[in-house]
Amino acid sequence: MLNKSNRINKDKDFDRAFKTGQSFYTKDFGLKAVDNGVDKIRLGILISTKVSKKAVVRNKLKRQIKEIVQTELPALKPGKDLVLIIFSQILDKNFGEIKSLIISALKKLKLYI
RNA sequence: UUAGAGUAAGCGGGCGAUCGCCUCGAAUUUACUUCGGGGAGGAAAGUCCGGACUUCGCAUUUUGUUUAUUUAUAAACAAAUAUGAUAGUGGGUAACGCCCACCGGCCAUCUUUUACGGGAUGAGCAAGGGAAAGUGCCACAGAGACCAUACUAAUUCUGGAAAUUUAUUGACAGAAUCAAAAGUGAAAAGUGGCUGGAUGUCCUUCGGGGCUACCGGCUUCGGCCUUCGGUGACGAAGAUGCCGUGGUAAACCCUAUCAGAAGCAAGAGCAAACUAACUCGUCCGCCUCGGCGGAUUAGUUAGACAAAGUAGCUCGCUCGAGCCCGUUAGCAAUGGUGGGCCUAGAUAAAUGAUCGCUAGAACAGAAUCCGGCUUACGGCUGCGCUAAUAAC
RNA sequence: GCCGCGGUGGCGGAACUGGUAGACGCGCUGGACUUAAAAUCCAGUUGUAGCGAUACAGUGCGGGUUCGAUUCCCGCCCGCGGCA
């Protein structure tokens, strides 16, 4: 899991990522990336109740995605805020499929060193 | 032994490998290093009730009492009023619409009676105050849905205006007949049953028997009454003197009891505190008496500033109507008492991710904290019940 | 965390104080007009079974009150919206 300093926890940071960030969308999720002025990668995840009404399902998805980013963290460029927006299509995918999709999205935005 | 329905007393995966998160404590080289402890539920859910806690208010008008003084205001208390909720009785509780026990009702089984009915059992059901305070509603059908037998016609009788031929016609009014209360309807005005006389009618083996207008007698049920038992709901017995009142209050309503409002984004503290606009309060001045101008406090919105202008940081925040074991009062819910224990505290929100073995593993994720209710739930255990089979 | 509103044929939307559920519009089906179509007009249309008469089910779901429930009461499910 991610350390506290690797999370986005301010409404303003989310707004900035939405307004000025680079985008990459698939039918499973969307990814926003923006410079944050800090020497860290920070992650925020959005899952609405429209994805699933069960809190258990939403929490599990968040934990799995955090785990994926955690393992990729040493290979990424520091100083970026990442925001992931999850859509309901992702419920059909297993852990391995989600992992490869997110890694390819990170490569598209050229976030690797 | 197997299966089933039920109840809810207990449980709600385990082991291993790799990589991580939150929090508390200790150590050091003060590094987001190392070591050690702890880390979701029986429903954490729905938000349907009830409390604790916090802030605001003492709300509305009227009445009464007390206190204070500036003698018409302020404060406190009580009653009435409005709105909402609850509804057999007693108990439990911080409180409840919850829980326990009991009472009455319904249902099932057994039993008893000529019959209505009575008695027993149930780990069966159940929102169960008042319909002889009042109002409303009861479709269709029906005379009538609560002033019971309407309205119209016909016939008869009685009274009788008026007309004339003075004993006839009879407007009009009243009563009866028609008219059986069958039938209609969810419901029909006297509550169910037994029985005597009597009328009519049918059957008859001529002994009698069936049905029945009407007039009684006894009894059941319910109400008024008396006595006894029970804290009480109520029960039992007596007295036969009087009475028989449709349903619906999950229609208005009446009666009794209870309730101030908002919610941890409650609320408290800390740092910073510049400008503009608006709103409310207070003070000063002017006056056309209602506004204008100025100052100040609080709040809201927008902008500026390394950051924040607020969902910032700290507290509230987890020791509590707490859990476990024993003992004691009580039918029980539950209470008293002795000993032991400390058992999540996050905040874009930790309590895990991936893989392997096991057995295929449900419903589901704390957010101030508790007590209930309701709903979801694969499997295992406990308990009594029902059915089948086997043995004795 | 707190608080409202709604759910009726294929679709929108009625049904007033409980009394024959589905008015009205759109759509759909069949027919007329046309060489053919559109437009227009006529008829039908909740579902299932049936040639039909008719029967059964039916207002999100499950109970209850009542002679009788779309309507009243209780508990759930789903959808939409608001406040801090």
Side-chain angles (χ1 to χ4, degrees):
Chain A
M1 290 299 275
L2 285 167
N3 193 282
K4 217 186 236 178
S5 61
N6 292 112
R7 307 178 200 155
I8 302 176
N9 57 7
K10 297 232 171 10
D11 211 12
K12 210 167 183 174
D13 295 329
F14 278 93
D15 275 350
R16 192 177 56 199
F18 267 95
K19 282 172 185 166
T20 63
Q22 303 171 266
S23 302
F24 178 78
Y25 280 90
T26 72
K27 66 182 194 306
D28 299 307
F29 62 90
L31 177 62
K32 286 274 188 178
V34 71
D35 293 330
N36 61 2
V38 184
D39 196 24
K40 293 271 190 185
I41 288 281
R42 296 196 304 187
L43 178 69
I45 303 169
L46 301 179
I47 307 183
S48 81
T49 48
K50 286 179 183 173
V51 175
S52 171
K53 295 178 79 77
K54 295 180 180 179
V56 171
V57 173
R58 297 199 303 272
N59 284 351
K60 181 159 188 178
L61 271 173
K62 278 202 265 187
R63 288 195 299 261
Q64 287 178 331
I65 288 162
K66 285 176 187 171
E67 185 69 26
I68 290 162
V69 176
Q70 170 77 20
T71 53
E72 297 299 314
L73 205 54
L76 294 174
K77 290 182 194 165
K80 289 278 186 184
D81 276 354
L82 308 177
V83 176
L84 273 159
I85 307 105
I86 307 301
F87 307 131
S88 57
Q89 296 281 334
I90 208 164
L91 292 174
D92 303 328
K93 306 281 193 296
N94 64 29
F95 179 78
E97 290 169 326
I98 295 169
K99 185 169 186 175
S100 58
L101 282 170
I102 287 178
I103 289 173
S104 67
L106 292 170
K107 281 176 182 166
K108 288 268 186 188
L109 292 180
K110 299 183 171 58
L111 294 172
Y112 284 90
I113 296 167

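Below, read A as the first sequence line, B as the second, and so on, with proteins coming before strands; counting in each chain starts at 1.
Across all strands shown, B:rU168 pairs with B:rA163; the Watson-Crick or G-U wobble distances both stay below 3.5 Å. Of the nucleotides present, B:rG322 is the one that pairs with B:rC341 by Watson-Crick or G-U wobble criteria, both distances under 3.5 Å. Summarising the base pairing, B:rU354 is matched to B:rA17 through a Watson-Crick or G-U wobble pair whose two defining distances lie under 3.5 Å. With a cut-off of 3.5 Å on both pairing distances, the Watson-Crick or G-U wobble partner of B:rC363 is B:rG41. Across all strands shown, B:rA26 forms a Watson-Crick or G-U wobble pair with B:rU34, both key distances being under 3.5 Å.
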Would you give me the side-chain donor-acceptor pairs under 3.5 Å for residues 101-113 of chain A, sequence neighbours excluded?
unit_1: A:Ser104; atom_1: OG; unit_2: A:Ser100; atom_2: O; d: 3.4
unit_1: A:Ser104; atom_1: OG; unit_2: A:Leu101; atom_2: O; d: 2.7
unit_1: A:Tyr112; atom_1: OH; unit_2: A:Glu72; atom_2: OE1; d: 3.2

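A glycosidic torsion no more than 90° from 0 defines the syn conformation, and B:rG42 adopts it.
Nearest to the side-chain atoms of A:Lys66 among the listed nucleotides B:rG352, B:rA350, B:rU354 stands B:rA350.
By the rule that hydrophobic residues join a cluster once side-chain heavy atoms approach within less than 4.5 Å of another member, A:Phe95 and A:Ile90 end up as members of one cluster.
For A:Phe87, the side chain to side chain contact (heavy atoms under 4.5 Å, CB included) partners two or more places apart in sequence, or in a different chain, are A:Tyr25, A:Ile85. Take A:Val57 and apply the side chain to side chain contact (heavy atoms under 4.5 Å, CB included) test, not counting sequence neighbours, and it matches A:Ser52, A:Lys54, A:Leu91.
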Q: Determine which bases of RNA chain C form Watson-Crick or G-U wobble pairs with both distances under 3.5 Å, and write the result as a 5' to 3' dot-bracket string with | for other-strand partners.
A: (((((((..(((......[....)))((((((.......))))))((((....))))..(((((..]....)))))))))))).
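Within 4.0 Å of A:Leu46, counting heavy atoms only, lies at least one base atom of the nucleic acid.
Between A:Gln70 and B:rC21, a side-chain N or O to OP1/OP2 separation shorter than 4.0 Å is absent.
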Protein N or O to nucleotides 363-369 of chain B N or O, pairs below 3.5 Å:
unit_1: B:rA364; atom_1: OP2; unit_2: A:Lys54; atom_2: NZ; d: 3.0
unit_1: B:rG365; atom_1: OP2; unit_2: A:Ala55; atom_2: N; d: 3.3
unit_1: B:rG365; atom_1: O6; unit_2: A:Arg63; atom_2: NH2; d: 3.4

